[in-house]
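First the structure, in the form of structure tokens, and then the observations on it.
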Amino acid sequence: MADPDTGAEREEDDVLEPAPLLELRDGLPPVVDTEAALAVTIEAFASGTGPVAIDAERASGYRYSARAYLVQLRREGSGTALVDPIAFEDLEALGAALGDAEWILHAATQDLPCLAAVGLRPTTLFDTELAGRLLGYPRVGLATLVETVLGRRLRKEHSAVDWSTRPLPEPWLEYAALDVEALVELREVLGRELEESGKAEWARQEFDHLVHAEPGGPRQDPWRRTSGMHRARGRRALAAVRELWQARNAIAERRDVTPGRIIPDSSIVEAANAMPRDKASLVALKGFRGRGAARYAHQWIEALRIARALPEEELPAVAARYEGPPPPRAWADRDPVAAARLVQARARLKDIADELRLPVENLMTPDYVRRLMWEPPTVTGPELSAEVTARLADLGARRWQIELTRDVLVEAIASPPAATVVPLPDPEDPEDPAEEG
């Protein structure tokens with residue numbers, strides 16, 4: 001066959017046909033948004049068999065809250081259900097109907113909190129994203145895994161819509177239903193691969209950890225994550241960033257709107273540097289914009305007044321307070337021996353991860369390594385191995401992780417390299433140079 005552009009002959013096999021689209025086997029079910037419909041759904045899922053595929057849609061980027069605006073479920077013998085959690089006080093009766101069935105989720109940490117908030121909590125689960133990581137798949141998004149593992153394409157066009165919209169358009173609902181359509185089959189294939197690769201027990205420990213993990217507490221000084229805050233000129237401007245961020249957050253929470261839709265971070269930094277004293281000067285700032293820029297001008301001016309009035313000793317520090325070790329880039333100056341330990345530990349962990357074909361951060365949480373290398377146990381000999389084991393377990397490391405990494409971590413503590421070297425960039429550290437630019 002001749003190429004129409006070049007006239008050259010080409011082989012038919014060189015043209016890769018796209019994978020066929022995944023389709024709903026049972027058609028699109030109606031949204032469950034009445035007590036009668038929920039009762040039918042509960043009965044259907046109580047009588048189903050096998051694991052339950054489950055997913056939730058939030059309105060990230062639109063709403064302040066992280067609540068679920070749609071819950072999708074699928075089970076053998078039950079079919080698919082699309083449940084509107086906003087229509088009910090909670091879904092605890094549905095959770096009870098699922099009993100101790102295994103849940104199948106993708107990226108479980110994203111959905112478990114909002115599902116728990118409506119009364120849905122698993123006793124066991126299988127996370128297809130985490131399974132993909134442990135198996136060494138280079139890309140573990142749901143659509144990519146479904147195409148790679150099952151040979152089907154998922155639609156992606158509605159991934160960032162406002163799920164708080166009512167009524168939900170039919171194309172959105174079909175997109176949501178497809179997210180659970182393939183999860184049971186995907187779990188079966190990935191489960192076999194975990195068994196064949198000898199990683200099934202690792203996965204079981206990871207999944208059990210997800211089920212029993214305590215909810216994370218509030219982030220320390222969340223205002224410090226304001227984008228572009230490094231442009232704030234001095235501690236007084238930092239105080240203004242903090243006050244403006246808190247004012248915006250209060251408005252966003254009250255209105256249940258994502259904060260960036262009121263004013264963007266760039267407007268906060270602009271106003272913090274200029275420190276205007278009245279509405280006219282504030283809204284005249286070239287970089288001060290957003291839907292709530294003028295509407296909430298009184299609140300912004302009051303926040304700036306508070307920042308101006310703060311005594312010097314109450315101004316925020318330029319650098320955030322750290323709970324734990326300093327950023328790795330500072331280790332070589334502050335403690336060259338600790339820096340050497342960290343470099344050796346990271347290098348050896350990467351070797352192990354490469355050999356096992358899994359991301360190094362799944363082999364051992366980087367924060368655990370930093371804490372251990374910055375303040376290692378002071379004992380030696382066999383006691384050091386036992387102390388490292390105990391320290392990692394206390395931090396939250398799973399048994400399989402400790403067994404695979406303990407020896408190299410003990411070696412890094414007991415016999416760090418003599419030469420002082422700068423630690424490797426840490427992609428998990430927001431203050432590390434690897435994240436800049």
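From a predicted model like this one, the values you see are computed outputs, not experimental measurements. One-based numbering along the sequence shown.
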What's the shortest heavy-atom distance between A303 and A247, and which atoms? CB-CB, 4.3 Å
Exceeds 12 heavy-atom contacts within 6.0 angstrom, atom CD of E89: no
Under 3.5 Å: donor-acceptor pair, side chain of R25, backbone of E181: yes
Exercise: identify the closest heavy-atom pair between A101 and R75: CB-NH2, 3.5 Å
Side chain to side chain contact (heavy atoms under 4.5 Å, CB included) between T365 and E361, worked out: CA-CA 5 Å; T365 303; E361 62 269 20; over 6 Å; no
Counting only N and O atoms by type, is there a donor-acceptor contact under 3.5 Å from the side chain of S164 to the main-chain atoms of A59? no
Working for salt bridge (Lys or Arg N to Asp or Glu O under 4.0 Å), residues R166 and D84: CA-CA 10 Å; R166 292 296 183 274; D84 179 1; 2.9 Å; yes
Does the side chain of E375 come within less than 4.5 Å of P325's, by heavy atoms? no
Working for side chain to side chain contact (heavy atoms under 4.5 Å, CB included), residues R248 and I268: CA-CA 9 Å; R248 183 185 67 173; I268 287 180; 3.6 Å; yes
Which is it for S65 and D256 under the side-chain hydrogen bond (donor to acceptor under 3.5 Å, both in side chains) test, yes or no, and what are the steps along the way? CA-CA 6 Å; S65 68; D256 193 17; 3.3 Å; yes
Test item: L349 and L409 side chains (from C-beta on) under 4.5 Å apart, heavy atoms: yes
Evaluate the side-chain proximity of V40 to F45: yes if any heavy-atom separation is below 4.5 Å, no if none is. no
Counting heavy atoms not belonging to D26, are there more than 12 under 6.0 Å from its CG? yes
Any ion pair linking R398 and D208 (charged N to carboxylate O, less than 4.0 Å)? no
Heavy-atom count check: over 12 atoms from other residues, nucleotides or ligands less than 6.0 Å from E157 CD? yes
Pair F207, T124 - check side chain to side chain contact (heavy atoms under 4.5 Å, CB included), show working. CA-CA 7 Å; F207 301 156; T124 59; over 6 Å; no
Under 3.5 Å donor-acceptor, R133 side chain and L358 backbone: no
Distance-only, no hydrogens or angles: does the D90 side chain make a donor-acceptor pair with backbone N or O of G119 under 3.5 Å? no
Verify side-chain hydrogen bond (donor to acceptor under 3.5 Å, both in side chains) between E57 and Q72, making sure each step is shown before the conclusion. CA-CA 8 Å; E57 304 295 347; Q72 309 98 279; 3.0 Å; yes
Crowded around E313 CD? As in, over 12 foreign heavy atoms under 6.0 Å? yes
Exercise: identify the closest heavy-atom pair between K279 and A297: CG-CB, 3.6 Å
Are side-chain heavy atoms of T226 and V269 found at a separation under 4.5 Å? yes
Carboxylate-amine/guanidinium contact R399 E201, below 4.0 Å: yes
E243/R305 ion pair, N-O < 4.0 Å: no
Please lay out, stage by stage, how D55 and L142 fare under the test side chain to side chain contact (heavy atoms under 4.5 Å, CB included). CA-CA 11 Å; D55 187 30; L142 179 59; 5.9 Å; no
Look at the rings of W172 and H158 and say which category their plane angle falls in: under 30° parallel, 30 to 60° tilted, over 60° perpendicular. tilted
H106 (side chain) donor-acceptor with T128 (main chain) under 3.5 angstrom: no
Which is it for W245 and W223 under the ring pair (Phe, Tyr, Trp, His ring centres under 6.0 Å) test, yes or no, and what are the steps along the way? CA-CA 6 Å; W245 186 96; W223 62 272; 8.2 Å; no
Do M364 and V360 come within less than 4.5 Å of each other through their side chains, counting heavy atoms only? no
Do side-chain atoms of Y62 reach the backbone of A160 as a donor and acceptor pair under 3.5 angstrom? yes
Give the ring-plane orientation class for W331 versus W374, where under 30° counts as parallel, over 60° as perpendicular and anything between as tilted. tilted
Is it the case that Y69 and D162 place a side-chain donor and acceptor less than 3.5 Å from each other? no
Please check: side-chain N/O of R58 versus main-chain N/O of A68, any donor-acceptor pairing under 3.5 Å? no
Closest non-hydrogen contact found for L372 with P377 is CD1-CD, 3.9 Å
Less than 4.0 angstrom from a charged side-chain N to a carboxylate O is my criterion; do E147 and R152 meet it? no
Does this structure show an ion pair linking D265 with R225, if we count only N-O contacts that are shorter than 4.0 Å? no
Any donor-acceptor pair under 3.5 Å from R236 side chain to L310 backbone: yes
Is atom CD of Q299 surrounded by more than 12 heavy atoms (other residues, nucleotides or ligands) closer than 6.0 Å? yes
Regarding E23 and R153, does a basic nitrogen lie under 4.0 Å from an acidic carboxylate oxygen? no
Could you tell me whether a side-chain N or O of R289 sits under 3.5 Å from a main-chain N or O of K286, the two making a donor and an acceptor? no
Let me confirm one number: the CG-CG distance from L154 to L21, rounded to the nearest 0.5 Å. 8.5 Å
Evaluation steps, side-chain hydrogen bond (donor to acceptor under 3.5 Å, both in side chains), between W202 and Q401: CA-CA 8 Å; W202 304 357; Q401 295 175 312; over 6 Å; no
L115 side chain reached by P85 side chain, heavy atoms, under 4.5 Å: no
Pair R231 + E270: basic N to acidic O under 4.0 Å: no
More than 12 heavy atoms of other residues, nucleotides or ligands under 6.0 Å from CZ of R155: yes or no? yes
Could you tell me whether Q246 atom CD has more than 12 heavy atoms of other residues or ligands within 6.0 Å of it? yes
Roughly how far, to the nearest 0.5 Å, is the CG atom of L120 from the SG atom of C114? 9.5 Å
I104 pairs by side chain to side chain contact (heavy atoms under 4.5 Å, CB included) with which of I54, L183, L190, L186? L183
Please find the pair of heavy atoms, one from L98 and one from V52, that lie closest to each other, and give the distance. CD2-CG2, 3.9 Å
Is any NZ, NE, NH1 or NH2 atom of the basic residue among R391 and D394 found under 4.0 Å from an Asp or Glu carboxylate oxygen of the other? no
Measure from NZ or CZ of R139 to the centre of the six-membered ring of Y137, then state whether that distance is under 6.0 Å and the direction lies within 45° of the axis. no
Could you go through the side-chain hydrogen bond (donor to acceptor under 3.5 Å, both in side chains) check for R406 and T389 one step at a time? CA-CA 7 Å; R406 175 181 50 222; T389 297; 3.2 Å; yes
For E76, does the CD atom sit with more than 12 other heavy atoms under 6.0 Å from it, leaving out its own atoms? no
Is any side-chain heavy atom of V140 less than 4.5 Å from a side-chain heavy atom of L130? no
Report yes if some heavy atom in the side chain of I86 is under 4.5 Å from a heavy atom in the side chain of R67; otherwise report no. yes
Quick check: does any side chain N or O of S47 sit under 3.5 Å from a backbone N or O of E43, one acting as donor and the other as acceptor? yes
